[in-house]
Asks: 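First the structure, which I've put down as structure tokens, then a few questions once you've had a look.
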Amino acid sequence: MGDSSATGARPSAEVTVDLVGKRALVTGAGSGIGAAVARKLAATGAEMLLVDRVAKSVEQVAEETGACHTVADLSEPDTVAELGENTDIVINNAGLQYVAPVHQYPPEMFQLLLTVMVQAPFRIIRAALPGMYRNGWGRIVNISSVHGVRAAPLKSAYVTAKHGLEGLSKTVALEGAGHGVTSNCVCPGYVRTPLVERQVSEHAVRHRVPREQVVEDVLLSRTPIKRLVEPEEVAELTAWLCGPSAVSITGSSFELDGGWSAQ
Ligand code: NAD
């Protein structure tokens with residue numbers, strides 16, 4: 001790619017994976033990484049069910065990719081558990097961020113982040129596994145974060161949830177190993193999505209500094225490769241983990257973080 005700027009470039013070489021005949025579920029598919037994964041999986045030939053709580057955005061991505069969609073709120077895991085049924089591929093992607101010091105962290109926000117990012121993936125995987133075991137094939141990719149393997153101040157719920165998701169993913173990997181089911185995590189650093197754009201804007205307003213300075217001095221301060229990751233890069237790795245080259249890869253976590261977690 002030869003690109004070290006903060007503005008970055010999209011990956012030029014694409015992973016080719018054939019997932020024709022496979023049914024995939026992508027949560028949080030209306031925006032950012034989820035939308036990029038939906039576009040990539042559409043290109044692999046997989047049939048897809050896209051899920052998001054925001055109707056307009058998930059409708060748009062579904063129309064663009066020829067997928068089915070459903071509007072559902074993953075903070076109510078009882079109502080979304082059945083989404084995992086009859087699914088060959090699960091991409092647990094939906095997530096959110098809330099920032100505050102632990103001693104001021106609202107307990108209801110802590111609960112919400114854990115519900116959406118751990119409880120809902122558990123319920124969806126739990127519903128998907130019996131069908132995957134019957135078919136002897138399944139792929140689960142959990143979109144974790146560098147915060148699944150590294151803590152950060154002010155992000156207690158997010159760090160806790162992503163560490164929990166990592167544990168869930170590894171446990172599913174061990175249980176699914178004899179059934180043709182793999183389970184892995186993708187752990188991005190900062191990706192150029194609305195979730196990050198919001199954090200940049202809030203920081204810029206709070207500290208009265210330009211947005212570009214927030215990206216360079218705050219977001220990328222610990223990242224040796226000085227660029228934001230593009231959503232398409234996460235989608236490429238996710239698709240590859242669903243393909244035949246990754247058949248022996250399970251219980252793994254892939255840091256896609258420009259070297260952040262190498263330090
Ligand atoms: P985003 O805000 O662009 O998209 C998240 C999507 O999830 C949105 O469409 C949102 O509506 C949906 N969602 C949130 N809560 C939901 C709920 N309760 N029910 C249903 N849908 C819900 O964010 P993104 O950056 O694309 O993040 C996607 C995933 O990637 C998240 O799990 C996030 O933690 C992870 N991640 C993001 C970054 C980053 O820098 N952007 C880095 C590491 C990990």
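When a ligand or atom number is given, it counts from 1 through the structure's own listing order. We use all heavy atoms of the structure for the numbers below, so side chains are in, but hydrogens, waters and symmetry mates are not.
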Asks: Under 4.0 Å from a heavy atom of S144: which atoms of ligand 1 are those, numbered in the order shown and with their elements?
Replies: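 Listed by number with element, the hits are 35 (C), 36 (N), 43 (C), 44 (C).
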Asks: Tell me which one of G189, S145, G32 gets a heavy atom nearest to atom 38 (C) of ligand 1.
Replies: G189
Asks: How are the rings of Y190 and W260 set relative to one another: parallel (under 30°), tilted (30 to 60°) or perpendicular (over 60°)?
Replies: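 Answer is parallel, since the angle falls under 30°.
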Asks: M117 to ligand 1: N or O pair under 3.5 Å?
Replies: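 No, since none of the N or O atoms of M117 sits under 3.5 Å from an N or O of ligand 1.
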Asks: Quick one: nearest non-hydrogen protein atom to atom 23 (O) of ligand 1, plus distance?
Replies: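 For this ligand atom, the closest protein heavy atom is L195 CB, 3.3 Å.
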Asks: Return yes or no for this condition: an N or O of Y190 is under 3.5 Å from an N or O of ligand 1.
Replies: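 No, no N or O pair falls under 3.5 Å.
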Asks: Any ion pair linking R23 and E47 (charged N to carboxylate O, less than 4.0 Å)?
Replies: no
Asks: Using heavy atoms and a threshold below 4.0 Å, how should the contact between A35 and ligand 1 be classified: side chain, backbone, both, or neither?
Replies: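 Looking at A35 and ligand 1, no heavy atom falls under 4.0 Å.
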Asks: Salt bridge or not for K226 and E216, using N-O below 4.0 Å?
Replies: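 Answer for the salt bridge query: no.
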Asks: Give a yes or no on whether E63 atom CD has more than 12 heavy-atom contacts from other residues, nucleotides or ligands under 6.0 Å away.
Replies: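 Atom CD in E63 is not crowded, with 12 or fewer foreign heavy atoms closer than 6.0 Å.
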Asks: Give a yes or no on whether a salt bridge exists between E64 and R39, defined as a side-chain N under 4.0 angstrom from a carboxylate O.
Replies: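 Yes, charged N to carboxylate O under 4.0 Å.
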Asks: Which heavy atom of the protein is the closest neighbour of atom 43 (C) of ligand 1, given with residue, atom name and distance?
Replies: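 For atom 43 (C) of ligand 1, the nearest protein heavy atom comes out as P188 O, 3.3 Å.
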Asks: Going by heavy-atom distance to atom 31 (C) of ligand 1, choose the closest among L96, I143, N93.
Replies: N93
Asks: Of the listed options (D52, L74, L50, V71), which comes nearest to atom 11 (O) of ligand 1 when hydrogens are ignored and any heavy atom counts?
Replies: D52
Asks: Distance under 4.0 Å to a non-hydrogen atom of D73: what atoms of ligand 1 satisfy this?
Replies: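 Going through ligand 1 atom by atom, the ones under 4.0 Å from D73 are 17 (C), 18 (N), 19 (N).
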Asks: At under 4.0 Å between heavy atoms, which part of H147 makes contact with ligand 1: side chain, backbone, both or neither?
Replies: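 For H147, there is no contact with ligand 1 at all, from either part.
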Asks: Is a salt bridge present between R126 and E82, judged by a nitrogen-to-oxygen distance below 4.0 Å?
Replies: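 Judged by the 4.0 Å cut-off on N to carboxylate O distance, R126 and E82 do not form a salt bridge.
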Asks: Hey, what's the ring geometry for H179 with Y133, parallel, tilted or perpendicular (30° and 60° as the breaks)?
Replies: parallel
Asks: When only distance counts, is V191 in polar contact with ligand 1, meaning an N/O pair under 3.5 Å?
Replies: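 Looking only at distances, the answer is yes, because the N/O contact criterion of under 3.5 Å is met.
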Asks: Looking at ligand 1, does any of its N/O atoms fall within less than 3.5 Å of an N/O of S57?
Replies: no
Asks: Is there a side-chain contact between L49 and L83 in this structure, where contact means two heavy atoms from C-beta onward sitting under 4.5 Å apart?
Replies: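 They are in contact (side-chain heavy atoms under 4.5 Å apart), so the answer is yes.
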Asks: Could you tell me which atoms of ligand 1, counted from 1 in the order shown, lie closer than 4.0 angstrom to a heavy atom of S75?
Replies: 18 (N)
Asks: If you look at every heavy atom in G251 and K170, which pair is closest and at what distance?
Replies: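 Taking every non-hydrogen atom into account, O-CG, 3.7 Å.
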Asks: If the cut-off is 4.0 Å to any non-hydrogen atom of V196, which atoms of ligand 1 fall inside it?
Replies: 39 (C), 40 (O), 41 (N)
Asks: With side-chain contact (heavy atoms from CB on, under 4.5 Å) as the test, would you mind laying out the steps for V234 and V229 before giving the verdict?
Replies: CA-CA 8 Å; V234 184; V229 175; 4.1 Å; yes
Asks: Number the atoms of ligand 1 from 1 as they appear, then name those within less than 4.0 Å of a heavy atom of S31, with their elements.
Replies: 1 (P), 3 (O), 4 (O), 8 (C), 9 (O)
Asks: Within ligand 1, which atoms have a heavy atom of Y158 less than 4.0 Å away?
Replies: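 By the 4.0 Å cutoff, the relevant atoms are 33 (C), 34 (O), 35 (C), 36 (N), 43 (C), 44 (C).
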Asks: Out of V229, V51, I33, who gets a non-hydrogen atom closest to atom 30 (O) of ligand 1?
Replies: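 Nearest option to atom 30 (O) of ligand 1, by heavy atoms: I33.
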Asks: Atom 2 (O) of ligand 1: which protein heavy atom is closest, and how many Å away?
Replies: R198 NH2, 3.2 Å
Asks: Looking at P194, which atoms of ligand 1 are within less than 4.0 Å of one of its heavy atoms?
Replies: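 Answer for ligand 1: 3 (O).
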Asks: Could you check whether K40 makes a cation-pi contact with W240, meaning its NZ or CZ is under 6.0 Å from the centre of the six-membered ring and within 45° of the ring axis?
Replies: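 No, K40 does not lie over the aromatic ring of W240.
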Asks: Looking only at protein heavy atoms, which one is nearest to atom 5 (C) of ligand 1, and how far off is it?
Replies: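 Going atom by atom, the protein heavy atom closest to atom 5 (C) of ligand 1 ends up being G95 O, 3.8 Å.
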Asks: For atom 25 (O) of ligand 1, find the nearest protein heavy atom and state the residue, atom name and distance (0.1 Å precision).
Replies: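 In this structure, atom 25 (O) of ligand 1 has T193 OG1, 2.4 Å as its nearest protein heavy atom.
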Asks: Can you check whether V116 has an N/O within less than 3.5 Å of an N/O in ligand 1?
Replies: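 No, since none of the N or O atoms of V116 sits under 3.5 Å from an N or O of ligand 1.
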Asks: Between A72 and ligand 1, find which residue part has any heavy-atom pair under 4.0 Å and reply side chain, backbone, both or neither.
Replies: backbone
Asks: Please step through side chain to side chain donor-acceptor pair (under 3.5 Å) for the pair D73 and S75, ending with a clear verdict.
Replies: CA-CA 5 Å; D73 189 341; S75 69; 2.8 Å; yes
Asks: Need the ligand 1 atom indices (1-based, order shown) with element for anything under 4.0 Å from a heavy-atom of V54.
Replies: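 Reading through ligand 1 atom by atom, the close ones are 11 (O).
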Asks: Looking only at protein heavy atoms, identify the closest one to atom 21 (N) of ligand 1 and say how far it is in Å.
Replies: R53 N, 3.3 Å
Asks: Is ligand 1 under 4.0 Å from a heavy atom in the side chain of Q199, in the backbone, in both, or in neither?
Replies: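 It is neither part, as no heavy atom is under 4.0 Å.
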Asks: Any Lys/Arg nitrogen of R211 or E197 sitting under 4.0 Å from an Asp/Glu carboxylate oxygen of the other?
Replies: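 Salt bridge flag = yes for E197 with R211.
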Asks: Going by heavy atoms in the side chains, are T223 and D257 under 4.5 Å from each other?
Replies: no
Asks: Specify the closest pair of heavy atoms between S57 and G30, including all atoms of both residues, with the distance to one decimal.
Replies: CB-O, 3.3 Å
Asks: Would you name the heavy atoms of V118 and L168 that are closest together and state the gap between them?
Replies: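 The pair with the smallest heavy-atom distance is O-CD2, 4.2 Å.
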Asks: Could you identify the single nearest non-hydrogen protein atom to atom 7 (O) of ligand 1 and state the distance to 0.1 Å?
Replies: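 The closest one turns out to be G28 CA, 3.5 Å.
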